[in-house]
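First the structure, in the form of structure tokens, and then the observations on it.
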Amino acid sequence: MARAALEWGVLDLAREAAVSTQTIVRFERGVVLKEVTVDRLRSAFEAAGIEFIPENGGGPGVRLARSSAPKST
């Protein structure tokens, strides 16, 4: 979901997280990865503006952070 929200392809995420494209594919298939690798993925998403929402009855999720810059009219 986070990758889709950013309109990133596998190559984009791999580049931003400094991991291989095969790592992204394995992660998206549900393979358990090393904690350091998951941390890299999360950091890349957060740097791009993704907020992770903890499970609160409806399940965990993600959203794009609100921009702090005012919208121009």
Side-chain angles (χ1 to χ4, degrees):
M1 292 291 298
R3 191 165 62 80
L6 294 170
E7 297 180 356
W8 280 3
V10 171
L11 290 172
D12 300 308
L13 178 55
R15 180 185 63 245
E16 295 300 321
V19 299
S20 73
T21 56
Q22 287 303 310
T23 296
I24 305 301
V25 170
R26 287 194 308 272
F27 180 71
E28 291 183 350
R29 286 186 182 158
V31 174
V32 177
L33 302 177
K34 294 178 183 178
E35 187 174 341
V36 67
T37 304
V38 175
D39 289 344
R40 283 182 171 194
L41 296 171
R42 183 179 185 112
S43 293
F45 282 133
E46 289 174 339
I50 293 293
E51 291 181 353
F52 289 87
I53 305 166
E55 187 169 345
N56 59 1
V62 297
R63 67 175 166 222
L64 283 171
R66 291 186 177 154
S67 173
S68 58
K71 291 183 180 180
S72 59
T73 54

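Bear in mind that the values here come from a model prediction, so they are computed numbers and not experimental data. Positions are given from 1, in the same order as the sequence printed here.
- Residues Leu33 and Val25 do not share a hydrophobic cluster, defined by chaining ILVMFWY side chains whose heavy atoms lie under 4.5 Å apart.
- Nearest heavy atom pair, residue Phe52 against residue Arg42, reads CB-NH2, 3.4 Å.
- Across every non-hydrogen atom of Ala44 and Trp8, the tightest pair is O-CH2, 3.9 Å.
- Looking at Leu41 and Ile24, their side chains come closer than 4.5 Å, going by heavy atoms from C-beta outward.
- Panel note: side chain Arg40, backbone Ala18; a donor-acceptor pair is recorded below 3.5 Å.
- To the nearest 0.5 Å, atom CG of residue Leu6 and atom CD1 of residue Ile50 are 4.0 Å apart.
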